[in-house]
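Before any comments, here is the structure.
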Amino acid sequence: MAKTKELSKDTRNKIVDLHQAGKTESAIGQYCMPEEGVKLTPRAQLLSTSEVLTVAQLFVREGVEKIRLTGGEPLIRPDVLDIITELRKLEGLKTIAVTTNGMNLARLLPKLKDAGLDLLNISLDTLVPAKFEFIVRRKAPLPATGDNAGD
């Protein structure tokens with residue numbers, strides 16, 4: 001029998017702990033991964049696109065008006081644009097937000113807007129490339145240039 005996790009609302013009718021439902025794990029850094037790495041959850045054990053949308057529909061039906069996609073790193077999910085597009089169709093959902101470390105943001109930003117994203121929170125621990133690489137254990141993305149800054 002599958003384990004279920006009880007989800008609850010806080011005093012502002014906000015769902016607590018929903019972000020763990022669609023969690024991705026391949027953008028892990030110093031905070032939670034030792035240098036030698038960790039065994040990642042198999043993709044088959046993560047929620048599918050339809051499962052994420054079903055959970056969202058249930059919460060919206062109960063009065064939730066804002067859904068934030070977050071941690072791990074939602075922008076590495078290949079279906080993130082599909083999820084946002086479908087969330088936008090939910091009657092009663094007023095706000096769709098994403099919290100990201102910026103991975104894939106330069107490539108996805110226009111598409112995120114077109115899909116219906118309302119809010120974007122970029123969580124950065126540093127703007128110093130060497131420190132960023134140390135923290136996230138991967139190469140820092142290229143900085144914006146005068147040609148693409150502000151796009």
Worksheet, complete the sentence: Sequence neighbours excluded, the answer for salt bridge (charged side-chain N to carboxylate O under 4.0 Å, His left out) partners of D79 is R77

Worksheet item: Between atom CD of E91 and atom CG of L93, what is the distance when rounded to the nearest 0.5 Å?
Response: 11.0 Å

Response to the item:
Separation between CG (L112) and OG1 (T85), nearest 0.5 Å, reads 9.5 Å

Discussion item. Is the shortest side-chain heavy-atom distance between D114 and L81 below 4.5 Å?
Written reply: no

Worksheet item: How many angstroms lie between atom OG1 of T99 and atom CD1 of I122, to the nearest 0.5 angstrom?
Response: 10.0 Å

Item to complete: Quick one: pull up CG in L90 and CD in E65 and give me the separation to the nearest 0.5 Å.
Response: 13.0 Å

Discussion item. Tell me which one of R88, K113, K94 satisfies side chain to side chain donor-acceptor pair (under 3.5 Å) with D118.
Written reply: R88

Fill in: Spatial distance of atom OG1 (T70) from atom CG (N101) [nearest 0.5 Å]
10.0 Å

Practice prompt. Using a 4.5 Å cut-off on heavy atoms from C-beta on, say whether the side chain of R61 contacts that of L58.
Written response: yes

Item to complete: Could you point out which residue of I96, V52, V60, V55 forms a side-chain contact (heavy atoms from CB on, under 4.5 Å) with I67?
Response: V60

Worksheet, complete the sentence: Taken to the nearest 0.5 Å, the spacing of L109 CG from L117 CG works out to 8.5 Å

Worksheet item: Would you say the side chain of K66 lies within less than 4.5 Å of the side chain of L119, judging by non-hydrogen atoms?
Response: yes

Worksheet, complete the sentence: Smallest heavy-atom separation, N104 atom then L75 atom, equals ND2-O, 3.0 Å

Item to complete: Could you tell me which non-hydrogen atom of E51 sits nearest to which non-hydrogen atom of L46, and how far apart they are?
Response: OE1-O, 4.0 Å

